[in-house]
J.: 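Dropping the structure in here first, questions after.
Both backbone and side-chain heavy atoms feed into the values below; hydrogens, waters and symmetry mates do not. Each chain gets a letter, A, B and so on, in the order the sequences are listed, and its residues count up from 1.
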Amino acid sequence: MILRTHYSGDITPEMDGKEVTLAGWAHETRDLGGIAFLVLRDRKGLAQVTLVKKLVGKELFKSVRSISRESVVQVRGNVKAEPKAPRGFEIMPTEIRVLGSAEVPLPLDPTEKVECELDTRLDSRFMDVRRPSVLAAFEIESAVLRSIRDYFYSQGVTEVFTPKIVAAATEGGTDLFPISYFEKEAFLNQSPQLYKQMLMGAGMDRVFEIGPIFRAEEHDTRRHLNEAISIDLEVSFADDKDAMELLEGAVVAAYRYVTENCLRQLEAIGLNLSVPKVPFRRITYTEALELASERDVKMQWGDDLDTETERFLGETIGEHYFLTDWPSSIKPYYTLPYEDRPEVCRGFDLMHPRMELASGAQRVHDHGMLVSRIKEKGLDPAGFEFYLNAFRYGMPPHAGWGLGLSRLVMTMLNLENIRDAVIFPRDRRRLVP
RNA sequence: GUCCGGAUGGUGUAGUGGCCUAUCAUGGAAGCCUGUCGAGCUUCCGACCCGGGUCCGAAUCCCGGUCCGGGCGCCA
């Protein structure tokens with residue numbers, strides 16, 4: 001049995017006289033002597049419950065005074081259109097039940113009147129999410145996921161799951177978290193990359209996966225976490241240009257869906273969101289260096305972009321853009337080099353002015369070339385056998401990318417810290433809650 | 001990892017050697033109040049991160065630790 005008939009946000013003055021039951025949290029109470037107000041909050045908004053002493057009787061009136069802030073309450077009563085009340089209506093209660101009382105003092109202030117540091121908020125995340133602007137960000141994140149899934153389905157992409165527990169640190173580069181797997185050593189996967197490529201060899205043609213990735217790096221910034229959600233796509237019989245179109249398509253689909261369907265949440269955050277225009281600008285790595293050379297001469301062709309250069313490019317360009325044609329030396333072995341100039345490869349990054357959102361590439365699909373690229377990177381092909389086998393019996397040309405969900409949401413909502421876009425973030429220090 | 005900054009009631013803060021029996025807001029307790037909507041008014045409650053040192057005297061200065069924030073690095 002559902003304990004409410006309506007959410008606060010669903011009630012309008014036109015429902016005057018209707019009996020409703022609301023359930024939520026005691027956002028605040030105000031006792032004026034002969035009249036008292038209880039503001040009830042649920043996920044869709046606030047509703048004012050008005051208690052007139054003479055109407056509700058001493059008992060019920062008195063009971064409201066004993067309800068602590070943030071206690072869970074159920075209120076049965078009648079809607080009354082009332083111009084003096086917020087949103088033009090109030091609830092005239094016949095019954096108020098406390099379903100879960102809240103202790104005092106609270107670990108933070110859910111009414112958002114008193115500021116609160118991020119660390120304090122994360123320690124009591126369950127209460128932090130009661131704050132309307134915090135809840136709104138996570139509801140928008142859900143909308144982003146929904147819209148991107150819808151977009152993928154409209155493009156004929158199949159959703160898959162690949163293992164997060166893997167045998168070895170086969171991808172080189174970043175640090176993996178080791179775990180104990182019965183009598184064997186295992187790791188938490190840092191990317192579904194190898195698996196989604198194998199599924200191209202499996203003939204699944206177009207796949208996507210939305211799932212966690214784990215990186216054991218010691219980075220400690222506002223835009224890095226050790227556990228993140230990655231939106232990964234891989235498509236066969238397609239090249240890097242096709243993959244970029246699908247990427248900008250997914251991003252714009254998300255922005256469009258949010259602007260059309262999350263008005264209440266955007267208002268709670270105080271954000272006026274506009275949809276970026278496609279196609280996004282394409283800028284080659286070499287062009288980016290030339291742009292940056294006006295200010296920064298430290299960068300040499302072949303270096304990865306440092307934070308300062310990245311920020312300069314963002315400020316100069318001012319909107320989403322693709323960085324293409326990277327030096328092969330700083331992209332992973334599975335990125336396809338250009339045939340006529342192998343020092344440059346068909347890898348790309350999707351950039352927001354504030355940071356990198358996604359990276360992808362046209363992949364190497366020739367078995368022999370892949371083996372030599374692995375060797376060139378100083379890795380041992382023997383460790384990649386399970387992966388390389390998929391390239392020996394008919395692997396189609398393919399391309400794909402991985403997009404950071406939290407970075408997408410963070411940049412969309414202009415959040416200061418990536419932890420504002422993850423309900424229970426895992427960073428260098430935080431393992432609880 | 002590294003550099004810089006910080007740690008004061010439940011929460012957010014003021015306070016740069018004595019004026020601190022520590023400021024303000026929010027909150028909590030008690031009371032008044034029939035239209036609040038960041039309600040108002042009265043009274044009360046509640047804090048200097050830990051350890052060592054300097055000094056007649058330390059929230060304040062020094063050393064070490066812990067934790068936190070920001071920058072950079074690291075990051076296919």
J.: If we ignore angles and hydrogens, is there a donor and acceptor under 3.5 Å between the side chains of E248(A) and H320(A)?
T.: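 There is no such pair (donor and acceptor under 3.5 Å, judged by atom type) between the side chains of E248(A) and H320(A).
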J.: Kindly point out which of G27(B), C68(B), G35(B) is positioned nearest to the side chain of R69(A)?
T.: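 So the side chain of R69(A) is nearest to G27(B).
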J.: In whole angstrom, give me the gap between the P atoms of U8(B) and C45(B).
T.: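 Going atom to atom, P in each nucleotide, I get 22 Å.
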J.: Is any N or O donor-acceptor pair between the side chain of K84(A) and the base of U36(B) shorter than 3.5 Å?
T.: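 It does not, because no donor-acceptor pair links the side chain of K84(A) to the base of U36(B) below 3.5 Å.
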J.: Could you give the CD1-to-P distance, from I330(A) to C74(B), as a whole number of Å?
T.: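 So the CD1-P distance, I330(A) to C74(B), works out to 12 Å.
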J.: Please walk me through it: do L403(A) and L357(A) pass side-chain contact (heavy atoms from CB on, under 4.5 Å)?
T.: CA-CA 6 Å; L403(A) 165 68; L357(A) 298 183; 4.0 Å; yes
J.: In whole Å, what separates the P atom of U26(B) from that of C63(B)?
T.: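 Going atom to atom, P in each nucleotide, I get 39 Å.
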J.: Answer yes or no: side-chain N or O of E90(A) and base N or O of G35(B) forming a donor-acceptor pair under 3.5 Å.
T.: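 Present.
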J.: May I ask you to decide whether R430(A) forms a salt bridge with D123(A), counting only side-chain N to carboxylate O separations under 4.0 Å?
T.: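 Answer for the salt bridge query: yes.
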J.: Is E28(A) paired with K113(A) through a side-chain N to carboxylate O contact shorter than 4.0 Å?
T.: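 Judged by the 4.0 Å cut-off on N to carboxylate O distance, K113(A) and E28(A) do form a salt bridge.
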J.: Salt bridge or not for K80(A) and E82(A), using N-O below 4.0 Å?
T.: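 Looking at E82(A) together with K80(A), the answer is yes, because their closest N to O distance falls below 4.0 Å.
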J.: In whole angstroms, how far is the P atom of C37(B) from the CD1 atom of I35(A)?
T.: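 For the pair I35(A) CD1 and C37(B) P, the rounded distance is 12 Å.
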J.: Given the C1' atoms of C67(B) and C24(B), what is the spacing between them in whole Å?
T.: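 C67(B) and C24(B) have their C1' atoms separated by 26 Å.
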J.: Taking the P atom in each of C20(B) and G35(B), what is the distance between them to the nearest angstrom?
T.: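 These two P atoms come out 41 Å apart once rounded.
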J.: What pairs of nitrogen or oxygen atoms, one from the protein and one from nucleotides 1-4 of chain B, lie under 3.5 Å apart?
T.:
{"residue": "G1(B)", "atom": "OP2", "partner": "E218(A)", "partner atom": "OE1", "Å": "3.4"}

J.: Using atom P in both nucleotides, what's the gap between C19(B) and U66(B) to the nearest angstrom?
T.: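 About 33 Å, rounded to a whole number of Å.
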J.: Across all strands, who's sitting opposite G46(B) as a Watson-Crick or G-U wobble pair, both distances under 3.5 Å?
T.: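 Result: none.
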J.: Which one, C74(B), G31(B), G35(B), comes nearest to the side chain of K80(A)?
T.: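 Nearest to the side chain of K80(A) among the choices is G35(B).
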J.: Write down the atom of V20(A), the atom of M15(A), and the distance for their closest heavy-atom approach.
T.: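 Closest heavy-atom pair between V20(A) and M15(A): CG1-CE, 4.1 Å.
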J.: Quick one, give me the B/S/- string for nucleotides 39-46 of chain B, reading 5' to 3', where B means a protein heavy atom under 4.0 Å from the base and S means that only happens at the primed atoms, P, OP1 or OP2.
T.: B-------
J.: Quantified in whole Å, what is the C1' atom distance between nucleotide A47(B) and nucleotide U11(B)?
T.: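 Each nucleotide's C1' atom is 12 Å from the other's.
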J.: Between atom CZ in F37(A) and atom P in C33(B), what is the gap in whole Å?
T.: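 These atoms are roughly 16 Å apart.
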J.: Treat primed atoms plus P, OP1 and OP2 as sugar-phosphate and everything else as base, then score nucleotides 8-15 of chain B 5' to 3': B for base contact with protein heavy atoms under 4.0 Å, S for sugar-phosphate contact only, - for none.
T.: --SBSS--
J.: Counting only side-chain heavy atoms from C-beta out, which of G69(B), C72(B), G28(B) sits nearest to V104(A)?
T.: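 So the side chain of V104(A) is nearest to G28(B).
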J.: Say we look at G51(B) and C44(B): how far apart would their P atoms be, to the nearest angstrom?
T.: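 Their P atoms lie roughly 32 Å apart.
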J.: For T411(A), does its backbone N or O pair with a side-chain atom of R354(A) as donor and acceptor, under 3.5 Å?
T.: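 No; zero donor-acceptor contacts below 3.5 Å.
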